[in-house]
Amino acid sequence: MEVRDTDILMSDQSAVSLDQAYKLRVNGLNFYYGSFQALHDISVNAEKNRITAFIGPSGCGKSTFLRTLNRMHEETPEARVEGEVLLDGESVFDREISELRRSVGMVFQRSTPFPKSIFENIAYGLRIRGVDSSLISGLVEQSLKRANLWEEVKDKLKKSASGLSGGQQQRLCIARALAVNPEVLLLDEPCSALDPIGTSKIEELLLEIKESCTIVIVTHNMQQAARVSDYTGFFLSGKLIEFNNTKSIFETPSSKLTEDYITGRFG
Amino acid sequence: MIAEAPLTRPREKKARGGRGDRIYHVLIKAIVGVVLAIFAGVFTVVVFGAWPAVKRFGPGFLIHTGWDPVHLVFGALPFIVGTILVAFGAMFLAGGIGLMTAVCITELLPRWLQGPVTYLIELLAFIPSVVYGLFGLLVLAPFLQETVEVWIMEHLGPHFEVFNGAPYGVGYMSAILILAIMLLPLIVTLSREALVLVPRDVREGGYALGLQKWDVVWGIIVPYARNGIVGSLVLALGRALGETIAVAMTIGGGYSLPKTVMDQGYTLASVIANEFNEVSSDMYLSALIYCGLILLVITVVVNVLAYFLVRRLSGAHGFKA
Ligand SMILES: Nc1ncnc2c1ncn2[C@@H]1O[C@H](COP(=O)(O)OP(=O)(O)OP(=O)(O)O)[C@@H](O)[C@H]1O
Ligand SMILES: [Mg+2]
């Protein structure tokens, strides 16, 4: 749901209830690459166990926005952030970074299996994290099942992950992120390199995992946003033009810019 | 006129493409042929030159010690051992330090420093071997002789046989260090290139799991770049086995098997370089060429093995980058 400026001036009590309703809250976020401002005063909330989608033309700042949610922008030199990002009411900037990134998993546009076997792709992160080795193969199986990949790979777990198809690789990356039981899953155009079948498998999967996870997805595929998301935000040149439940955005957009974009008049 | 243009243009283009293709194929075949011919020629000349010694000493040459030009008793075992010790000693140092350096450059240094530092290290590759040899002979060896080797002899010598030698300065230790310095730029620049080619998404995929830099670097980035890294090590090993003048100037010279790291000795390449001017008989010359033949075979075998290693790494069990 959209938060207007008036909502920010709230009492302590309503702040607590906002934290219960919203997994992630972003307030007055400005983002700079050096002197270039990529995001302007973004305020938005993501509801728990819902899929929140962000759409917008290329270069409008969708990835930049997503990357601030798990502080991935800190891997980019020159990147600077102002404003608040709260996870369960606590600023992500106060959290220990590797612990934050386990709570807020991320899947990238190009699938990025590690140069390891299918099994190791998932086991590696668990092992580094100190998960008991007797539990690992169970967790690997469980995450592959959650990612709807188990049936396809159970006979070749020791094979290199690079032998998988693009869609399978992307589901492997989702399984890898799910293995550490994240509370939030961020996906940056996870289907842009996939065919329609691969895409619909991922979409089905997202609808399943939102039962246990809050999902934020960036896509430039509007049909996808319409199909899977509960809430949709529209970005344009670093500004969040409109944010509302998905049905309203697509059927009765309140901004002319949003309407132009979703009817394909530009973009 | 207007209708003609689109009809003729593609045909012209196709013909040109076809001819280009044919020229390209012929050229490639010619190059391959020339390379093979040169290789066969070199191999033949070396085998012919070595033939008298091969007939006289047989394969025993490989396992015998003794180098007596007066009585014409020759055995190359000390040089074979020397070659392997010097090459792998230098590879061990330069491989470890070089990979660390490459990783530091790509993963730790701020971007604006990466270029200059890489360039400085590349500069080391432009220094001629003979200058490295002079540096080793005039600077490094005396330094080692007065400091490190004295310390080693006094403190480690009584406990470990390999350190229980006299501080000559020139010797295995100097040769290994000089060779390691020479290999370093090769390993650093080539493995750095392999590391920077690792896609950003792979890198960030690791950080997104909450892994620490160390785990991302050694568990994900280095394995991803392993073909390139192994390739750089193979090139460096080829250079290490064959490096002649810098080793000849710093290894001191000697015909017996090394017992300590400070001994003096020869590698196959350096014995040829240093003894070539002093050959007193045809059999002596032939024995030196036999050493060259052994070196040639070792280099070819190492490269073939490396080829299969790289193929295995990128094959079914590895990762196609
Ligand atoms: N590392 C960077 N340094 C400087 N500017 C950057 C950097 N990354 C992105 N930008 C700029 O920030 C703006 C937003 O980029 P961003 O990648 O967030 O867009 P996007 O909406 O994800 O686009 P796309 O749909 O193409 O992925 C763009 O103008 C881009 O040029
Ligand atoms: Mg993007």
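This one's a predicted model, so the numbers in the text were calculated from it and none came from an experiment. Proteins get letters first, then strands, A, B, ... in listed order; numbering begins at 1 in each.
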inquiry  = Taking atom CZ as the centre, does A/Arg95 end up with more than 12 heavy-atom neighbours from other residues, nucleotides or ligands that are less than 6.0 angstrom away?
reply    = yes

query = Is it the side chain or the backbone of B/Arg203 that comes within 4.5 Å of chain A heavy atoms, both, or neither?
reply = neither

note = Taking every heavy atom of B/Tyr224 against every heavy atom of A/Pro115, the minimum-distance pair comes out as N-CG, 3.3 Å

Residue B/Leu120 excluded, over 12 heavy atoms near CG under 6.0 Å = yes

message = If I take atom CZ from residue A/Phe108 and atom CG from residue B/Asp201, how far apart are they, to the nearest 0.5 angstrom?
response = 6.0 Å

key: A/Tyr124 side chain to B/Asp215 backbone, donor-acceptor under 3.5 Å   = yes

request  = Check whether more than 12 heavy atoms from other residues, nucleotides or ligands sit under 6.0 Å from atom NZ of A/Lys210, and answer yes or no.
outcome  = yes

message = For A/Arg102 versus B/Gly210, what's the shortest heavy-atom pair and its separation?
response = NH2-O, 3.6 Å

ask   = Do A/Arg176 and B/Leu209 come within less than 4.5 Å of each other through their side chains, counting heavy atoms only?
value = yes

note = Max heavy-atom pairs within cutoff under 4.5 Å with chain A, candidates B/Glu204, B/Gln212, B/Arg200, B/Arg111, goes to B/Glu204

note = side chain to side chain contact (heavy atoms under 4.5 Å, CB included) test vs B/Tyr207 passes for just one of A/Arg101, A/Arg71, A/Met106, namely A/Arg101

task = Check for a donor-acceptor pair, side chain of A/Lys116 on one end and backbone N or O of B/Gly219 on the other, with a separation under 3.5 Å.
result = yes

ask   = So do B/Trp214 and A/Ile128 actually touch side chain to side chain, heavy atoms under 4.5 Å?
value = no

